[in-house]
Amino acid sequence: MWLSDRGVPTVNVIGPDGKLHQVPRTAPEKPSAAKLVADRLGVSYADEGGNGNLTAKEAGEIGGQLGGPMVAKLVALAKRDLAHGHVERLMQKQKATPESRL
């Protein structure tokens, strides 16, 4: 890879004429996660916007696929933290209670 006179990355390719040409280096754009999910579900979706034709159901299907596993993980973490905190509070309470009161 080289830089052109304008500082643009370039690569050498063999053109249809069989000659070596220096062209700007481009990388294919990666689709968003929403676009990948929409394609898998068969829902029309454009990363550039203009998705006003999506129904609420279709938008929910896309969002649910993206957020569902994350939400489930957050709920599991919250439950674990709450349970751990409850046990800690019980242990502290037990330590603070004199033996004669047990």
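Computed from a predicted structure; not experimentally measured. No hydrogens, no waters, no symmetry mates; every other heavy atom, side chains included, goes into these values.
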**Item:** Residues in side-chain hydrogen bond (donor to acceptor under 3.5 Å, both in side chains) contact with Asp17, at least two apart in sequence or another chain
**Value:**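 For Asp17 the side-chain hydrogen bond (donor to acceptor under 3.5 Å, both in side chains) partners, ignoring immediate neighbours, are His21.
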**Item:** Partners meeting side-chain hydrogen bond (donor to acceptor under 3.5 Å, both in side chains) with Asp39 (sequence neighbours left out)
**Value:**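 Testing Asp39 for side-chain hydrogen bond (donor to acceptor under 3.5 Å, both in side chains), a comparison that skips the adjacent residues, returns Lys35.
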**Item:** CG on Asn51 to CD on Glu58, rounded to 0.5 Å
**Value:**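 Interatomic distance, Glu58 CD to Asn51 CG, rounded to 0.5 Å: 10.0 Å.
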**Message:** Strictly by side chain to side chain donor-acceptor pair (under 3.5 Å), give each pair with a member in residues 69-79 just once, sequence neighbours left out.
**Reply:**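 Output for this query is empty, none listed.
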**Message:** For a side chain to side chain contact (heavy atoms under 4.5 Å, CB included) check, start with the C-alpha distance between Val23 and Thr10, then their side-chain angles and the critical distance, and finish with the verdict.
**Reply:** CA-CA 5 Å; Val23 297; Thr10 60; over 6 Å; no
**Request:** Go through the structure and list residues passing side-chain contact (heavy atoms from CB on, under 4.5 Å) with Leu66, not counting sequence neighbours.
**Result:**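 If we apply the side-chain contact (heavy atoms from CB on, under 4.5 Å) test to Leu66, skipping adjacent residues, the hits are Ala33, Ala34, Val37, Ile62.
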**Request:** Provide the closest heavy-atom pair for Gly64 versus Pro69 in the form atom of the first, atom of the second, distance.
**Result:**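 In terms of heavy atoms, the two residues are closest at O-CD, 4.1 Å.
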**Request:** Could you go through the side chain to side chain contact (heavy atoms under 4.5 Å, CB included) check for Lys93 and Arg89 one step at a time?
**Result:** CA-CA 6 Å; Lys93 188 175 183 180; Arg89 284 191 300 277; over 6 Å; no
Could you list the donor-acceptor pairs under 3.5 angstrom formed between side-chain atoms of residues 40-50 and any protein atom two or more places apart in sequence or on another chain?
residue : atom : partner : partner atom : Å
Arg40   : NH2  : Gln65   : OE1          : 3.2
Asp47   : OD1  : Ser32   : OG           : 2.4
Asp47   : OD2  : Ser32   : N            : 3.1

**Request:** List, by chain and then residue number, the residues other than Leu20 in its hydrophobic cluster (Ile/Leu/Val/Met/Phe/Trp/Tyr, side-chain heavy atoms under 4.5 Å); write none if there are no others.
**Result:**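 Once heavy-atom contacts under 4.5 Å are chained together, Leu20 belongs with Ile14.
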